[in-house]
Amino acid sequence: MTETTRQADGAGETAQAGKPGLITQVISSKGLAVGAVGLFGATVIGVSTVAPAYTFTISLGPAAAEVGTQAPAVILLGFIPMLLVALGYRELNKVMPDSGTTFTWATRAFGPWIGWMASWGLVIATVLVLSNLAAVAVDFLFLLISQITGNPAIADLTFNPFINVAVCLLFMVGAAYLSFRDMKESKVFQVVLVGFQVAVLVLFAALAIGKALEGGVNSIPFDANWLNPFTVGSLSAVVAGLSVSIFIFWGWDVTLTMNEETIDPERTPGRAATLTVIVVGGLYLLLAFALIMFAGVGEGEGGLLNEDVVENVFFGLADSIMGPWAFLISLAVLVSSAASLQSTIIGPARTLLAMGHYKALPAKFDAVHPTHKTPVFAIIVSVAVAGGFYAVMRFVSENVLWDTILTLGMMICFYYGLTAFACVWFFRKQWFDSVSAFLTRFLAPLLGGIILLALFVMTLSDSLDPTYGSGENIAGVGIVGILGIAILVLGVIIMAIMAVRQPEFFRGRILPVGAPVSAKESIR
């Protein structure tokens, strides 16, 4: 076995001796802080971006409404494609640890046009969801103050659009400032907030299980069958459950966008992504078991499907489970939203940095602060777009805001699915090099990609129905479907403009298409 080196238009690849078939892309430095985050810190930031307290409180009710006590099975079902795709991400990161992740990998696999559009799905989803996270943080801030002071009127301040937008923008500015500071400071901030959030959620689950075992009005005994996904009754329920699960797990891939800033970038980000999915999945299952045992799935007072509980299960059940300490749940959701707001900026900012670095966007995006080693211009653009979008939509129509958030699920499936297929195609010469290669570089990402892109197509089709989402429509076509298609068309337009202004990338000269050689081809 000998070491071989291949050069292609400035993008080098090295086959390492002793590691058959492992081709490591030599990434040119973007100026980010190398070695700033380890496995623990990356996993913490991954959990923060997923925001378990925020996502679970608004997701368990709708999931239970679809499948009843089989909600844990739905969570488990949604966990599967996420884990399959995460394995594909891990394999791509081993050979190409690049902050561009989806952008870089899809470009190397399928070419610049598909790579650009895949990254558009990532950027638009994460930038626009920033507005939603900030809005939730505002709601829970006023609610928390109301609970502490005993003054219900304070909670109503969030409905004043001027106050709401002003405080929302302050949250965004604060998150942007923390993201602008170096990664080590962000890591410390996230460790504290995520640690508190997880501790409160575990305490909440433990108290709920304890009260359920004591026997309550709505309590039901634990049944292992709740974990059996084959008992979910219909395909529509499965699709609805997967949609919920995609939303509650989304965000783990932020660990990969930090790969140039991690210790051991070839292995740490992939391991952190897998750990994030496992930790969050375990926490969701614990909470689902606890709340179903405590509240049941009835519509009566205190039941999980009661109108005062189903849309926000933590607040609906906090008083009966935690008593005078119920405000801790409000604080946990506030912390979850605020922490995720800051960590979510990491993903699009680093993707935009990579796109600027490889000349797929204007050169201004390829700017890193000389002291803090963070992509300052990309951060400013991400937060400015999110803030402007929220300010306009909050005054125009709250339904439009929420319908726009619904379209993000389609974007998530779109770019996750394309990245999974990029893994399969990029490693096409290595599928049969070993059992491990077959499972992690072919079978797992292939199945994950098929599931997610099928869900993308079904959701897009459903969203064209005029009754989908808020029920708003234009000429009988659902507004959610229109927004989803409009976002993709806007991406195509911007891509076409960039292809005219900066053609070098789109001609394949910056990131040439190429697959690693197989183990057999590595032997001379």
Side-chain angles (χ1 to χ4, degrees), residues 47 50 52-53 55-87 198-250 252 274-300 302-306 309-310 313-314 316-318 320-322 329 439 444 447-448 451 455:
V47 173
V50 175
T55 54
F56 193 81
T57 191
I58 62 175
S59 301
L60 179 61
E66 292 288 342
V67 297
T69 57
Q70 305 309 122
V74 164
I75 293 173
L76 186 63
L77 202 60
F79 169 82
I80 293 172
M82 289 293 98
L83 185 59
L84 294 175
V85 172
L87 291 173
V198 172
V200 172
L201 293 181
V202 171
L203 174 63
F204 187 77
L207 291 174
I209 292 173
K211 289 181 179 293
L213 294 176
E214 292 174 359
V217 176
N218 298 308
S219 298
I220 58 177
F222 170 78
D223 187 345
N225 197 48
W226 297 348
L227 271 175
N228 184 0
F230 295 103
T231 58
V232 177
S234 66
L235 179 61
S236 61
V238 171
V239 172
L242 281 173
S243 297
V244 171
S245 292
I246 294 303
F247 172 70
I248 66 177
F249 282 107
W250 177 50
W252 54 264
T274 304
L275 281 174
T276 296
V277 175
I278 292 172
V279 169
V280 170
L283 186 60
Y284 286 153
L285 287 175
L286 173 64
L287 287 164
F289 289 143
L291 295 185
I292 291 174
M293 289 174 63
F294 174 79
V297 291
E299 298 181 2
L304 206 56
L305 300 186
N306 181 271
V309 177
V310 66
V313 296
F314 288 159
L317 301 175
S320 55
I321 292 175
M322 300 191 74
I329 282 293
L439 293 175
L447 293 176
I451 292 170
L455 187 59

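On a predicted model such as this, the values are computed, not experimentally measured, just so you know.
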S.K.: How far apart are the closest heavy atoms of V47 and P52, and which atoms are they?
M.R.: O-CD, 3.3 Å
S.K.: Give the table of side-chain donor-acceptor pairs shorter than 3.5 Å for residues 275-291, with sequence neighbours excluded, one pair per line with atom names and distance.
M.R.:
unit_1: T276; atom_1: OG1; unit_2: A272; atom_2: O; d: 2.8
unit_1: Y284; atom_1: OH; unit_2: T55; atom_2: OG1; d: 2.7
unit_1: Y284; atom_1: OH; unit_2: I248; atom_2: O; d: 2.7

S.K.: Mind listing the closest non-hydrogen atom pair of L60 and A71 along with its distance?
M.R.: CD1-CB, 4.0 Å
S.K.: Indicate the atoms forming the closest heavy-atom contact of L304 with G296, along with that distance.
M.R.: CB-O, 2.9 Å
S.K.: Is the shortest side-chain heavy-atom distance between M322 and F314 below 4.5 Å?
M.R.: no
S.K.: Please examine the side chains of I321 and I329, heavy atoms only from C-beta on, and report whether any two atoms are closer than 4.5 Å.
M.R.: no
S.K.: Please report the shortest heavy-atom distance between N306 and E299, naming the atom on each side.
M.R.: ND2-O, 3.1 Å
S.K.: Measure the spacing between OG1 of T69 and CE of M293 and express it to the nearest 0.5 Å.
M.R.: 12.5 Å
S.K.: Can you tell me how far the CH2 atom of W226 sits from the CG atom of L76, to the nearest 0.5 Å?
M.R.: 15.0 Å
S.K.: To check you understand the geometry: which heavy-atom pair defines the closest contact between L317 and F294, and what is its length?
M.R.: CD2-CE2, 4.3 Å
S.K.: Look up atom CD1 in I292 and atom CD in Q70, then write down how far apart they are to the nearest 0.5 Å.
M.R.: 8.0 Å
S.K.: So, taking the atom named CD1 in I209 and the one named OG in S219, what distance separates them when rounded to the nearest 0.5 Å?
M.R.: 11.5 Å
